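Only one structure is covered here, and it is reproduced in the block below.
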Amino acid sequence: MSNPRSSPDSWNCMLPGPPSRNNFGSSDLSSHDLLAFPSGSSVSVVDTRSMQLVSAIPVPPPSSPSSSSTAPSLSPFVTSVRWIPLPLNRDLLSTEPSSSHLLLAAGDRQGRIALLDFRLKTAVMWFETDSKLGIQDLCWVQARPDFYFLVAINGPSTISIFNTLTGRCVWKYDASPEFFSCLRRDPLDSRHICALGLKGFLLSIMILGESESNFVIKDFQIRTDCSELNKLERDASDVSTSPASALFPLYMARLAFSPQWRHILFITFPKELIVFDLQYETTLFTATLPRGCGKFIEVLLDLNNEWMYCAHLDGKLSTWRRKPGEQVYTMNSMEELMPSLGTSVPSPSVLAVLLSQSNSILQNIAKTNAPSSTYLDKDPDNPFDFCDKSFMVSETHLIFISDDGKLWNWILTAEGKPHTQKDDKKSDLVNDENPESLIGISANSIIPSKSCLSSSSFNPENIILKMSLVGQLQLLSSTVTTLAIPIPSLMSTLARGGNHPAVAVPLVALGTQNGNIDVIDVCANAVASSLSVHNGTVKGLRWLGNSKLVSFSYTQVNEKAGGFINKLVVTCLRSGLHRNFRVLQKPERAPVRALRASSSGRYLVILLRDAPVEVWAMTKNPTMLRSLALPFTVLEWTLPTVPRPVQNASARQSSSSSKEQKADEASIPTKLPSSDSKDSGTEGHHDDTSESFAFALVNGALGVFEVQGRRIRDFRPKWPSSSFISSDGLITAMAYRLPHVVMGDRIGNIRWWDVTTGQSSYFNTHRDGIRRIKFSPFVPGDHSRGRIAVLFYDNTFSVFDLDSPDPLANSLLQPQSPGTLVLELDWLPLRTDKNDPLVLCIAGADSSFRLFEINVNGKRVGYVPQPKTLKERFRPVPLCCPVLLPTPHALALRMILQLGVKRSWFDTCSTIIEKRPHLIQETPSSTEDLRTYMIDLPSLGDPVVPEMLLKVLEPYRKEGCILDDERSTMYATVLNNGYAMRLAYAAALFGETSEALFWLQLPLALNHLINKLLKKPPTKDPVAVSIPEADETSVLTSLSSKKYSTEEMRRDTLQSHGHLKLITFDQEELREIACERISWHKKLEGEEAIQNRVHELVSVGNLEAAVSLLLSTPPESSYFYVNALRAVALSSAISRSLHELAVKVVAANMVRADRSLSGTHLLCAVGRYQEACSQLQDAGCWTDAATLASSHLNGSDYARVLQRWAGQVLRSEHNIWRALILYVAAGSLQEALAVLREAQLPDTAAMFILACREIHAELLSKLDNTDDESNSSIHDKVLHLPGLDPQNEDVIAVGEYFGQYQRKLVHLCMDSQPFSD
């Protein structure tokens, strides 16, 4: 990147370690494309579109049971995470803006459950868990529109439900000896969840209210082979307290609700795939594990197509396709999730596989706006016609997490050839040259020139699935074992030659347990590269200048002779090449203990255990200079020298006696003295190219050696008094920066010594032994040169200022790393000014890498909390995730997208201007009226507000942090297609899938309403629509070419937009769905199955088949008399002969109880369908009532059924968007508007009015174009939509309320400072 990197405003950040099996493979992908997954004891959040780490939230450790305990408390592994399913809060007039949509539930191995706030990066609530049983899984379940319970699996077999307002457990269920594996929420009913056990136990929980009495519980037993599990259970220990994933990490059971069919579950056990029907309580389909595949570990379902994806333990992904007309699946393809090229041996393990939902709904929007009639411009006889090409049916984004710290972003593309019949061409093909027909043009798109067609246009046998890797994110690859930071001296020159000194680079190298070296870019808080260097654990790591690394590992030989094989490697970061040196033919007696490199990178000291120390010259071919046979305990090279201010010698000689020194010891200054002119002359006796190192021996003796060229000589320092050397503490740590040497011993003493004056002092830290001491970076103007960071053997650290009168009293004790042990630490040498903060790099025992700011207030060192950064840190790609903006700014962007802003507004960001200036057509000036970027100003609300909102969003626009290229291109395709499409796009962009589906269905619902008002039956035959010759924009906005034309178009929508049928209201669609389900159950046997089949047949009006099925009931059946009575009643409605046949098999003495649905069938037999629908609704069979009404009712009778259904969906199921579409289809627009007002959605209520008016106007214009003589009378009937008349009081009130909302939003936006990270 050509732009210079700027240091972030705040250095406090964290890079988590890799996820592992200890995290139970937990992960959750939100509808905003934010992926949350646990990494050790932290939760990582990744933007899956740009594949960048957004944040890492450490979970604090449990409180210590004893307040007097000084031992650090460790944070346990996080084992489950789940985003809260709340939308962006739009109620600004009665509540303050909040980040409730960015809350995250996290459970850990000790049974704790926390509610984490993404913005604050801390826990805002801890749930009251009364046990230490680990959390296996979490799930949210809805109790009312704005309130969710949190459901958890505790331990092996306990399910608990928690109140999220009080944090208390309100219900428990114990299923011992079952082992619960997962929890899932029904996407079609957010009140319903299911829990699956490893032994096939399935628990269904329906939440009908907030009290325990409103919890409806059902349990089922699914037959599965448990022989392997029983063997594992016998071998396991602690089966009564540990969660299933802790006991059996490689034995998993998963379930997924069908996103298209109610009551259908997809279940995987390690070697079985099952389709289960909750309504019939039976298995519809079973498949065994395909040959040559690893065990099933996850099942995922495509939202748009009836395809199923199964992840396997060996890293493969199998794709399954449903056979038409039945719930039977066949495996279509098998793909590798991890390419064999470039992966380590053994291959990393699969931890989690997820599927992106937002991409699916955006594809629906793109398909809805594809001008499906432009095929007429093509010549079907042209041999070069695009019919011969492969066309894109759909794109599915898969995210795969492996235990080597990598996240893989795959695109699964379905391609196929359309049917060759010309009629099929005319109804389905899309112009390949039309840019609006694409799903979206993106750098991630593999085949951007393909057209996007519905799956119904293709023969399923001709569809080919292709997987393409489009992105990867590398986190830390393994457990961190060592840390190294480059501190090049002035003698270290640039690698490319010349006399310019090397500069400190913002890089940190981490050695890991799997032999990799991870290089961290601290400015971006990201892994710049991960190099596979060693086969075993990296034991030591040092920088040679700022572009090379030297590292070592060793392996112990198991032969009789024993010994160790030491491996030392020099790695060049510029080329990525490795070179071994000091290669021996035979194993050595001693392993390498440590490496110490000089700051210039010219010299390296290799310390071996119980063997002489070797000094090497690190030239192109490293050469050993000398072997030193001294018993070294510690050894450190001097840090680069720094300029010191000239001071009066007499002023520096003030001294005071140390309380801790012996009585016979002379007075020693407590401040580190600087060298005077005489001292500087002493330092100048050696050459500028020489470097020195200080050391301590086993007997406590100290020394300083100087290395120049190939010569090593005594530095001849001025020794301290003899009492300085302690005999009771072995020196274990040392830091050296001319002229000061600081030492720490195993009993916690810190001593420092000036090698030029001999002055010295010490104090006791009253802590454990000292393992590491590091001098802080020094710049001209600093008040102190004696700040050190000290790492103790108990893995805690402190910061001391040795220039202070009392270093212990002014120390900073481990300021900000609760919950983790510190393995290594060092200072980041990027300070250039005395006002820059000190930054400490820490490698934690939880495999995390953290940066802490240590701020100095006067002469006291302390941690000062920093405000949130207002500008995101350096990122190679802008982070385009609108939901992460401050809530007022996110709402402002949402409103701008809804009203319609031109594409040029997105194309004028600073990044694009610098990179692609030739593509910029217009650049806004500071004096330009920003309202010109709006396509139109709405008739409701304040017309000045859009311009003010554009000004608020200007900082994000300049940074390119609003929409990426793909989504801005997609927005351009819907921009001129009306309010409904823009509203659907904005809802999908902010992760509100149900609302997006509502806006997509709104035009069809209004068309249904207009037909009802005109008393027109739904059209059954395709209607030829003439498309006038016009430009591309007029074709896109043509109503007849995209939305409201014929039944054929609706049927195509049903098949291609799979989950749109979940909120369908159309009579034919309801019948088609019911008939589809009937075909699945033909082969089912059993009394209950027969009763359900009869009910389905009666609902669709197939009375003959129902009578035949009823009469087949054997006499010994308990349902014989009931079935006989119904057969007689139903046969009377068909024919006299059939009625007489049925009467012959009727027996007397029928006294048995009847099912509640039997009365419905008798009502149908006498033609009382309205009463039958009411009876079904009273019994809770709402979908069945709608199906029956679609078969037998029309007009206002059908509308009454829909309206009552809408009330049930709104009040009981809490699904406002499904209820709204039913209200619209029933003609109750005023009730729909009232629902939006009651839900405190002023902006949506106003947009609803605008969208309805716009669609209504298009429908009227369509009527005006007809040549019917009665056109005027028809026009008068539908001149105004019922309930949305401009003079209606509710409509006027909505407009006023919307204006208040806009003004409040502007004020909140002005008060909020922009930030993106």
Side-chain angles (χ1 to χ4, degrees), residues 187 254-261 264-268 272-277 283-293 296-312 316-337 353-357 359-360 363-364 367 390-398 410-419 424 428 439 450 452-468 1051-1062 1072-1073 1076-1077 1079-1081 1083:
R254 293 291 185 266
L255 72 87
F257 283 89
S258 171
Q260 300 169 339
W261 303 101
I264 300 298
L265 291 179
F266 296 85
I267 298 172
T268 58
E272 289 179 283
L273 171 63
I274 295 173
V275 180
F276 188 80
D277 193 323
T283 298
L284 299 179
F285 169 73
T286 302
T288 57
L289 185 69
R291 184 174 298 178
C293 295
F296 290 113
I297 62 171
E298 188 61 87
V299 56
L300 304 169
L301 299 173
D302 197 307
L303 298 183
N304 285 342
N305 305 285
E306 296 199 60
W307 296 331
M308 176 172 53
Y309 310 108
C310 293
H312 299 264
K316 294 180 180 178
L317 182 78
S318 58
T319 305
W320 302 69
R321 179 184 293 136
R322 186 173 79 94
K323 288 185 178 180
E326 51 186 331
Q327 280 290 354
V328 175
Y329 287 77
T330 57
M331 193 175 75
N332 183 72
S333 65
M334 182 72 69
E335 301 285 349
E336 293 279 353
L337 286 173
V353 182
L354 303 102
L355 185 144
S356 173
Q357 298 181 4
N359 189 63
S360 299
Q363 284 185 47
N364 272 335
K367 290 179 181 180
S390 294
F391 290 85
M392 185 183 298
V393 180
S394 68
E395 277 186 353
T396 303
H397 279 258
L398 289 172
W410 293 91
I411 285 186
L412 191 62
T413 306
E415 299 178 7
K417 292 185 178 181
H419 297 301
D424 291 338
D428 292 322
I439 290 178
K450 303 292 184 184
C452 175
L453 302 181
S454 63
S455 57
S456 61
S457 308
F458 300 91
N459 183 351
E461 301 299 328
N462 295 332
I463 294 179
I464 301 175
L465 296 176
K466 297 181 180 179
M467 280 188 65
S468 304
R1051 190 174 295 112
D1052 179 68
T1053 299
L1054 174 66
Q1055 296 179 13
S1056 61
H1057 306 159
H1059 54 308
L1060 284 180
K1061 60 190 174 187
L1062 302 177
E1072 289 175 5
I1073 293 173
E1076 173 75 14
R1077 295 182 67 94
S1079 64
W1080 306 346
H1081 307 138
K1083 297 181 181 180

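This structure is a prediction, so every number in the text was calculated from the model and none was measured.
Between the CD1 atom in I411 and the CE atom in M467 there is a gap of 10.5 Å [rounded to 0.5 Å]. Between S333 atom OG and K466 atom NZ the span is 12.5 Å, to the nearest 0.5 Å. The CZ atom of R254 sits 12.5 Å away from the SG atom of C310 when rounded to the nearest 0.5 Å. With rounding to the nearest 0.5 Å, the separation of CG in L398 from CG in L300 is 6.5 Å. For the atom pair CG of L355 and CG of L412, the computed distance is 9.0 Å after rounding to the nearest 0.5 Å. Between E395 atom CD and D302 atom CG the span is 11.5 Å, to the nearest 0.5 Å.
Residues that satisfy the side-chain contact (heavy atoms from CB on, under 4.5 Å) test with Q327, not counting sequence neighbours, are W261, I264, F266, V275, L284, R322, Y329, W1080. E336 pairs by the side-chain contact (heavy atoms from CB on, under 4.5 Å) definition with K316, not counting sequence neighbours. In terms of the side chain to side chain donor-acceptor pair (under 3.5 Å) criterion, T286 has no residue partners (sequence neighbours excluded). For S318, the side chain to side chain donor-acceptor pair (under 3.5 Å) test picks out H312, W320, with sequence neighbours left out. Annotation: side chain to side chain donor-acceptor pair (under 3.5 Å) contacts of E272 (sequence neighbours excluded): T224. The ring pair (Phe, Tyr, Trp, His ring centres under 6.0 Å) check on Y309 picks up nothing, with sequence neighbours excluded. A search for ring pair (Phe, Tyr, Trp, His ring centres under 6.0 Å) contacts involving F285 returns nothing, not counting sequence neighbours.
Put simply, the residue from L317, T319, T413 that forms a side-chain contact (heavy atoms from CB on, under 4.5 Å) with L465 is T319.
When all heavy atoms of P259 and P187 are compared, the closest pair comes out as CA-CG, 4.3 Å. Across all their heavy atoms, M308 and L273 have their closest contact at CE-CD2, 3.5 Å. The shortest non-hydrogen separation linking F257 to L301 is O-CD1, 3.1 Å.
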